[in-house]
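A quick write-up on the structure given underneath.
Throughout, numbering of the chain's residues begins at 1 and tracks the sequence. When reading the values below, keep in mind they use all heavy atoms of this one structure, side chains included, and skip hydrogens, waters and symmetry mates.
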Amino acid sequence: MRVEIEVVAAPLVNYAMAHNGLGFLHRVSVTFPDSAGPVERVALTAAIRDAEGRLLTRPWSHRVDAVAPGGRIALDSPAIRLDPHQMST
């Protein structure tokens, strides 16, 4: 099954964004264009890591019971947040 993922995010992240709780992820869209039937029990998880592989975000996931055939999940301003503690080390 083919899955298309579109992410709209800030071009960079910094400690000030983490400290002030600003969202950097503006939109996440996941489409299942070739599905013949409903796609069930979809779990989206996301994390941001720096160049050294350190995790910079708090845990985030979003679950959907079912997506219609050819359907799409679109999330505006998902609540994934930068972790100020991780960004300060």
Under the side chain to side chain donor-acceptor pair (under 3.5 Å) test, which residues partner D65, sequence neighbours left out?
none
With rounding to the nearest 0.5 Å, note down the distance linking CD1 in I48 to CE in M87.
10.5 Å
For S61 and L44, indicate whether the former's side chain and the latter's backbone hold a donor-acceptor pair under 3.5 Å.
no
Which ring-ring contact (aromatic ring centres under 6.0 Å, His included) pairs, counting each pair once, include a residue from residues 3-35, with sequence neighbours left out?
Y15-H19
Which pair of heavy atoms, one from M17 and one from L82, lies closest together, and at what distance?
CB-CD1, 4.0 Å
For D50, side chain to side chain donor-acceptor pair (under 3.5 Å) partners two or more places apart:
R54
Would you kindly confirm whether V30 and M1 end up in one hydrophobic cluster when ILVMFWY residues are joined by side chain heavy atoms under 4.5 Å apart?
yes
Locate the shortest heavy-atom distance separating I73 from V42; write the atom from each residue and the value.
CD1-CG1, 3.7 Å
Run the side chain to side chain donor-acceptor pair (under 3.5 Å) test against D83 and tell me which residues pass, sequence neighbours left out.
none
Mind checking what makes side chain to side chain donor-acceptor pair (under 3.5 Å) contact with S29, not counting sequence neighbours?
R72
Which pair of non-hydrogen atoms, one from G23 and one from R81, has the smallest distance, and what is that distance?
CA-NH1, 3.3 Å
Quick one: do L22 and L75 end up in the same hydrophobic cluster if we chain Ile, Leu, Val, Met, Phe, Trp and Tyr together by side-chain heavy atoms under 4.5 Å apart?
yes
Residues at least two apart in sequence or cross-chain that pass side-chain contact (heavy atoms from CB on, under 4.5 Å) with A9, listed by chain then number, are V7, L25
Between V28 and H62, does the side chain to side chain contact (heavy atoms under 4.5 Å, CB included) criterion hold? Intermediate values first, please.
CA-CA 11 Å; V28 173; H62 180 81; over 6 Å; no
When hydrophobic residues are tied together by side-chain contacts of less than 4.5 Å, even through go-betweens, does I80 share a cluster with I5?
yes
First locate atom CZ of R58, then atom NE2 of H85, and finally report the distance between them rounded to the nearest 0.5 Å.
11.0 Å
Which atoms form the tightest heavy-atom contact between P69 and S35, and what is the distance?
CA-OG, 3.4 Å
